[in-house]
Structures are given as structure tokens and as C-alpha cells.
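Structure first, then comments.
All chains are named by letter (A, B, ...) in the order of the sequence lines, taking the proteins before the strands, and each is independently numbered beginning at 1. For the numbers below, each heavy atom of this structure counts, side chains included, while hydrogens, waters and symmetry mates do not. What you see is a predicted model; the values in this text were computed from it and never measured.
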2 protein chains.
Amino acid sequence: MQDALSQTFQALADPTRRAILARLSKGEASVGELAEPFLNEMSLPAVTKHLKVLENAGLVLKGRNAQFRPCQLNGDGLRVAANWMEQYRVFWEESFDRLEAYLKTVAAPSRPKPRIESKKPKGKSHGRKK
Amino acid sequence: MQDALSQTFQALADPTRRAILARLSKGEASVGELAEPFLNEMSLPAVTKHLKVLENAGLVLKGRNAQFRPCQLNGDGLRVAANWMEQYRVFWEESFDRLEAYLKTVAAPSRPKPRIESKKPKGKSHGRKK
DNA sequence: TGAGTAATTAACCTATCGGTTAAATATAGA
DNA sequence: TCTATATTTAACCGATAGGTTAATTACTCA
């Protein structure tokens with residue numbers, strides 16, 4: 001995994017790591033605190049490894065306080081990834097417009113009244129629930 | 001790779017695949033056209049695989065026209081990833097503010113007057129040379 | 001100093017990733 | 001039908017990702 005951007009996206013491509021980031025978005029936490037919700041599913045060293053991935057990706061900063069390693073979000077990695085994404089904004093917005101327009105044509109004429117909310121109108125998901 | 005979001009970030013975590021997306025942002029292209037810039041570095045089947053990853057991640061749509069498979073960007077995957085990132089905007093903007101503020105303290109006092117416009121004033125090495 | 005807590009490192013295992021070459025499939029057109 | 005072009009599939013391979021357990025390091029505090 002050569003470049004920084006690949007490293008950052010790679011780090012984001014794991015649900016455990018994203019959960020750790022979500023936790024950190026609510027405030028600083030030690031390794032043990034971060035690990036706690038996962039200890040049924042995996043060991044502490046596994047979490048340590050995830051944290052190292054996040055740290056190397058510029059997504060987490062780790063400090064030290066006695067035997068604790070307080071972690072916090074690092075905006076740098078997030079910003080780099082977001083900046084890259086930004087160049088494609090026009091594409092995702094345009095396809096969202098198409099989706100919206102489509103939904104309008106489906107929902108429109110006389111409001112067919114969704115009888116039962118069971119059949120999804122199409123597409124693997126992305127369906128606005130109501 | 002269970003969930004869609006992980007799949008999408010995983011797909012973005014490769015420079016070849018990002019280059020393919022960049023190419024597609026300039027317009028539709030066939031597999032062969034997409035592969036062409038990489039054929040020194042890798043084989044055609046390798047590119048086919050990358051395209052499948054992008055397709056499965058909801059980042060590319062593949063059609064058919066005779067023996068060609070015209071590809072185009074799929075905004076869906078991009079939108080999903082961007083939406084996820086959005087929740088962290090405050091963090092990357094805040095850390096950017098810190099960076100800006102810091103640069104201001106370094107650059108500030110009497111406007112040192114950029115003598116010659118040769119050395120690029122930035123660079124990934126955030127480190128002030130000199 | 002020695003016991004207890006927090007976290008990391010080492011060594012190992014398996015599955016997946018990104019690549020290969022060779023063969024197969026899909027389509028057009030003479 | 002035969003040939004040429006575009007693309008995919010199959011089978012394989014080495015490296016790495018993500019997990020494990022056991023051992024080690026880093027601290028605090030009595």
C-alpha cells in the first residue's frame with residue numbers, strides 16, 4: 001500500500017475501524033475503552049492493530065498518559081480523503097438528481113397511494129423508505 | 001468484505017482503480033480504452049478485475065455495445081462514501097483551521113515579501129524547510 | 001521492589017488481493 | 001463458416017490483511 005490516499009481509504013474499508021472512528025468522534029478514549037465494545041468479537045491485540053492502521057493512515061492521533069494511550073480523531077486523513085472525493089461531487093449529485101427525478105415520475109400523477117409498504121420500487125436498495 | 005461501505009472504500013484504496021475513475025470522469029470508455037494506459041504495468045485481465053471491483057462497489061456501470069463493454073462512472077457508490085464522510089466534516093475543517101492558524105503565526109509579522117517565485121511554497125512535507 | 005493494569009510485540013495461521021498466463025466466450029464481418 | 005477483435009474466466013502464485021495466543025514492555029503504587 002504505497003501512497004497515503006490508498007492507505008487512508010484502506011483504513012476506512014473496515015467496519016471495526018469505522019466504528020472506532022465513530023466512537024472517537026464523541027471524544028478522546030484510551031485503547032482499552034475503544035476496545036471494550038469489540039472484546040466479544042476479537043482480542044485486544046486485534047484492536048491495537050486496527051488502531052495502528054488508523055494511526056498510519058492519519059486518521060487517529062495517539063498520545064500517552066501514564067500507562068494509557070489516549071486516542072483522538074486526526075482530521076488530516078479525513079480531509080485528504082474528503083478532498084479527493086470532492087472532485088467527483090458533480091457525479092454523485094447528478095446521479096442523485098436522476099434518482100429524485102425518477103422517484104418523482106413514479107410517485108407523481110395522482111398519488112397512487114402506496115397500499116402496502118412491501119415491494120421495493122426497484123434497485124438494490126437506495127430506496128427512500130417513505 | 002461484508003457491507004457496501006467497506007466494499008466501496010476498499011475499491012477506492014488502489015491507485016489503478018482511482019486512475020480508472022479519473023479517466024471515466026472525463027467520459028465513457030471501453031475496457032480496452034481504460035486499460036490502455038496501464039498495459040505497460042499490467043495485463044488486460046488485471047484491469048478487468050479492477051473493473052469488476054469498481055462495479056461491485058457501485059462506482060462503475062458497465063454496458064454492452066457489440067463486443068465492447070462501455071463503462072461509465074456510477075454516482076451511487078461515490079454518494080454513499082461521501083455521505084459517510086460528511087459526518088466528519090467538522091473534524092477535518094477544525095484541524096484545517098488549526099493548520100491555517102499555525103501557518104499564520106509562522107508567516108505573519110512583516111510580510112517577508114516573496115522574493116523569487118521559484119520554490120513552491122507548499123509541498124506534502126508540511127515541514128518548513130528553511 | 002514487586003504486584004497489578006494497560007498496551008504492544010512476536011510468531012503464527014488462513015483467506016483474500018492483485019497479479020500472471022492460457023483458454024474460453026462474445027460479437028462483427030468477409 | 002472462418003477470422004479477427006474485445007473481454008472474461010480459470011487456475012495458479014506470492015504478499016498482505018486480519019485474526020489468534022503467548023510473551024514482553026511500560027507504567028503506577030503500596
Discussion item. Rounding to an integer number of Å, can you tell me how far B:K52 NZ sits from C:dC17 C1'?
Written reply: 16 Å
Response to the item:
For B:R69, the side-chain hydrogen bond (donor to acceptor under 3.5 Å, both in side chains) test, sequence neighbours excluded, returns none
Discussion item. I need the CD-C1' distance between A:E33 and C:dT5, as an integer number of Å.
Written reply: 14 Å
Worksheet item: Below 4.0 angstrom from OP1 or OP2 of C:dA7, is there any side-chain N or O of A:T48?
Response: no
Response to the item:
Rounded to whole Å, the CG-P distance (A:L54 to C:dT8) equals 12 Å
Discussion item. Run the side-chain hydrogen bond (donor to acceptor under 3.5 Å, both in side chains) test against A:E28 and tell me which residues pass, sequence neighbours left out.
Written reply: none
Practice prompt. Output all residues satisfying side-chain hydrogen bond (donor to acceptor under 3.5 Å, both in side chains) with B:R23, sequence neighbours left out; order by chain, then residue number.
Written response: none
Item to complete: Could you point out which residue of B:C71, B:S30, B:P70 forms a side-chain contact (heavy atoms from CB on, under 4.5 Å) with B:K62?
Response: B:C71
Discussion item. Can you measure A:Q7 atom CD to D:dT16 atom C1' for me and round it to whole angstrom units?
Written reply: 13 Å
Discussion item. Between P on D:dG19 and CZ on A:F38, what's the gap in Å once rounded to a whole number?
Written reply: 10 Å
Response to the item:
Quick tally for nucleotides 18-30 of chain C: nucleotides whose base has a protein heavy atom under 4.0 Å get B, sugar-phosphate-only ones S, the rest -, giving SBBBB----BS--
Worksheet entry | Whole angstrom value for the distance that separates P of C:dT9 from CG of A:L51 | 12 Å
Practice prompt. Could you tell me which residues satisfy side-chain hydrogen bond (donor to acceptor under 3.5 Å, both in side chains) with A:E86, sequence neighbours excluded, listed by chain and number?
Written response: A:R89
Fill in: Of all pairs that satisfy ring-ring contact (aromatic ring centres under 6.0 Å, His included), the ones with a partner from residues 55-87 of chain B, not counting sequence neighbours
B:F9-B:W84, B:W84-B:Y88
Worksheet entry | Atom pair distance, as rounded to whole Å: CD1 in A:I20 and C1' in C:dA7 | 14 Å
Discussion item. Measure CG/A:N56 against C1'/D:dT16 and give the value in whole Å, please.
Written reply: 14 Å
Discussion item. Between A:S30 and C:dA6, is there a contact of a side-chain N or O with OP1 or OP2 at under 4.0 Å?
Written reply: no
